[in-house]
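Read through the structure below, which is laid out as structure tokens, and then see the notes.
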Amino acid sequence: MDNRPAIRVSNLCYNYRSHWTLRRSPALRNVSFDVYQGEAFGFLGPNGAGKTTTIKCLLNLIKPASGEILLFGRNASEPSSRSAIGYLPEHPYFYDHLTVEELMIMYAQLSGVSGNLVRSAVMEALERVGMAARLKSRMRTLSKGLTQRVAMAQAIVANPKLLILDEPFSGLDPVGRREFRDLIRSLKSAGTTIFMSSHVLSDVEALCDRISIMADGVLQGVFEVRELPRSNGASYELVIRNRSSDGAIETLAALAESVDSLTNSMRMIFSSKQSAETALKTALEKGFEIESYQFMHGSLEELFIEIVSRGQEG
Amino acid sequence: MEKILAITLATFKESIRSKVLYSVMFFAAVLVLVSTFFGTVTIGDQVKVIKDFGLFSVSIFSIAFAVISGTTLLFKELQRKTIYNILSKSVYRWQFLLGKYFGMLLTASTLVVSMGLSLLAYLWFFEGGPDFLILSAMFFMVLELVIVCAAAMLFSSIVVTPLLSGLFTFATFLAGRSTEYLLYFVQYKEVDGLAADLLVALNKLLPNLDKLNVVNEVVYGEAYALPVERMLWSSVYALCYAGVLLIAANMIFRRREFN
């Protein structure tokens with residue numbers, strides 16, 4: 001990873017304006033972050049948080065009310081700043097009557113691949129997403145998952161230095177998801193900067209070096225993924241079968257951080273190893289049936305929910 | 001240039017495979033075949049009737065295609081967000097607009113050429129020889145399309161709904177075909193003062209598609225070919241007029257937000 005920014009967003013503001021009342025409602029408020037060259041950066045947030053709006057600003061599809069966006073040091077409003085960018089949109093659509101090959105040739109040419117290299121670039125990209133055999137298929141005959149693969153192929157056809165992925169795993173089956181994860185990893189190890197927005201937090205956690213969380217148009221924070229367990233705390237989970245016992249359940253519950261009553265069982269979460277082990281020992285001694293006992297990493301999901309609810313309250 | 005060409009070819013391939021094009025060609029063919037029947041029951045020259053009907057069909061159906069496809073082209077790009085993928089590359093908006101325009105013009109011109117050549121072959125069967133004036137008529141129809149397609153681009157840049165932009169484009173075509181009538185009211189003192197000035201201004205402002213409509217001369221005229229000089233000046237006029245419309249379209253389109 002390089003400490004020169006591939007993307008620099010400073011104090012970005014964007015307002016949606018109602019067509020009828022002309023009233024402005026802020027969609028982005030003073031968003032600032034850097035994405036460094038060679039890193040994988042996860043851009044997270046609930047629906048309506050402003051992720052896609054930010055991506056549209058990056059690609060100059062909409063013009064910010066204020067703030068600055070630099071892509072490899074160049075202002076994002078200049079088309080030349082996008083010469084090294086590949087973009088995979090959320091819910092990609094393509095021209096129905098074109099074949100995969102025709103479509104890919106067009107995108108290769110638009111991405112600046114020079115004349116005699118177009119065909120080989122197209123084939124290479126299609127091979128990487130497993131679509132080389134569907135060269136002559138019309139786009140309208142492809143399923144959602146296959147369309148997503150073509151969308152990825154057009155994004156990487158010119159070997160971009162920066163890849164902007166908006167929900168890249170949408171519509172993919174488990175095999176496709178794994179292939180995409182591997183592809184993104186290999187692109188990253190080849191030096192491509194990845195900027196990824198996704199709701200599949202486990203994939204983001206597995207692929208990204210850093211993540212940022214948006215809520216209500218405000219950037220809530222940027223976090224190093226490798227520090228997440230520490231920042232969010234690990235825990236232990238014990239699930240026991242319900243059985244009336246002389247106050248033993250109360251003893252266990254007193255050791256736990258939280259207790260959930262399930263249909264035929266109780267789920268207890270312990271913040272320390274010591275209290276979890278004491279509770280396990282007590283449960284065994286009192287003859288409870290143990291359904292499960294496990295160590296849980298502090299997950300991105302928990303952090304995400306915590307930060308988003310804090311952001312929405314604020 | 002390579003980027004404009006890439007968008008042009010994709011637009012052309014997408015349009016040439018659409019059902020709208022084949023529906024238009026089907027109806028045009030039906031009209032020409034029906035004209036053969038009219039020719040047999042009409043007093044006068046059967047060939048002239050077929051030629052008149054045939055050229056009318058080619059002209060009106062190619063214009064209809066240009067209006068329909070031209071006004072839905074940008075709308076579909078925005079609705080299906082296919083435009084996002086294109087503009088996310090290092091493509092200027094004017095390159096996108098020109099690529100779309102040329103693609104649409106190429107498709108509509110292909111329609112004129114294929115229907116025109118079919119008409120030429122059909123008339124050959126009746127006349128026993130080719131009537132090359134049909135080719136001149138086709139040339140002027142393409143010039144008309146140069147302007148109508150540019151108007152379609154302009155209106156679809158301004159208006160969001162294809163119905164409205166289609167109506168505006170078709171109204172421009174009708175008004176352009178009627179520009180000479182505007183002067184009729186002024187010349188014969190039907191109106192005067194401000195109204196007369198307004199009509200003269202409109203006559204200058206609207207595209208003079210009347211001058212590009214040579215169907216009557218081709219069908220009923222005595223000449224074997226239209227003057228080259230007229231073809232040249234008409235081309236210059238059509239290109240300049242379309243150029244102005246496209247510049248205006250670009251000025252609006254480059255400010256457009258893709259929410």
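We use all heavy atoms of the structure for the numbers below, so side chains are in, but hydrogens, waters and symmetry mates are not. Within every chain, numbering begins at 1; the chains are lettered A, B, ... in the order of the sequence lines, protein sequences first and strands thereafter. Everything numeric in this text was worked out from a predicted model, so none of it was measured.
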Audit row: B/Leu5, A/Met106, side chain to side chain contact (heavy atoms under 4.5 Å, CB included) steps and yes/no
CA-CA 9 Å; B/Leu5 192 65; A/Met106 179 189 78; over 6 Å; no

Using non-hydrogen atoms and a 4.5 Å limit, figure out which bit of B/Arg256 sits close to chain A: side chain, backbone, both or neither.
backbone

Heavy-atom neighbours of A/Arg8 CZ exceed 12 at 6.0 Å
no

Decide yes or no on side chain to side chain contact (heavy atoms under 4.5 Å, CB included) for B/Ile7 and A/Leu110, but give the supporting numbers first.
CA-CA 8 Å; B/Ile7 298 170; A/Leu110 294 181; 3.8 Å; yes

As an exercise, state the distance from CG of A/Leu61 to OG of B/Ser88, rounded to the nearest 0.5 Å.
7.0 Å

Using side chain to side chain contact (heavy atoms under 4.5 Å, CB included), reason through A/Glu102 and B/Lys13 one step at a time and then give a plain yes or no.
CA-CA 9 Å; A/Glu102 289 167 344; B/Lys13 283 175 187 167; 3.7 Å; yes

Considering only heavy atoms, which portion of A/Lys56 lies under 4.5 Å from any heavy atom of chain B: side chain, backbone, both, or neither?
side chain

Contact part of B/Glu77 toward chain A, heavy-atom cut-off under 4.5 Å: side chain, backbone, both or neither?
side chain

Spacing of B/Ser15 atom OG and A/His97 atom NE2 [to the nearest 0.5 Å]
9.0 Å

I'd like to know whether OH of A/Tyr16 has more than 12 heavy-atom contacts from other residues, nucleotides or ligands below 6.0 angstrom.
yes

Is there a side chain to side chain contact (heavy atoms under 4.5 Å, CB included) between A/Phe94 and B/Asn85 once you walk through the steps?
CA-CA 9 Å; A/Phe94 296 105; B/Asn85 266 25; 3.0 Å; yes

As an exercise: rank A/Leu59, A/Leu58, A/Ile164, A/Ile105 by heavy-atom pairs under 4.5 Å with chain B and give me the winner.
A/Leu59

State, yes or no, whether a side-chain contact exists between A/His91 and B/Tyr84 at a heavy-atom distance under 4.5 Å.
no

Compare all side-chain heavy atoms of B/Arg17 with those of A/Tyr95 and state whether any distance is below 4.5 angstrom.
no

Contact origin within A/Gln154 toward chain B - heavy atom pairs under 4.5 Å:
both

If you count every heavy atom of other residues, nucleotides or ligands that lies below 6.0 Å from B/Phe56 atom CZ, does the total exceed 12?
no

Taking C-beta and beyond as the side chain, do B/Glu257 and A/Lys63 meet within less than 4.5 Å on heavy atoms?
yes

B/Lys76 with A/Asp96: basic N within carboxylate O range, under 4.0 Å
no

Find out whether B/Leu87 and A/Asn60 are in side-chain contact, i.e. whether some heavy atom of one side chain is under 4.5 Å from a heavy atom of the other.
no

Do the side chain of A/Gln109 and the main chain of B/Ala6 share a donor and acceptor less than 3.5 angstrom apart?
no

Of all the heavy-atom pairs spanning A/Pro79 and B/Ser90, show the shortest one and how long it is.
O-CB, 3.1 Å

Could you give the distance from NZ (B/Lys89) to OG (A/Ser83), rounded to the nearest 0.5 Å?
11.5 Å

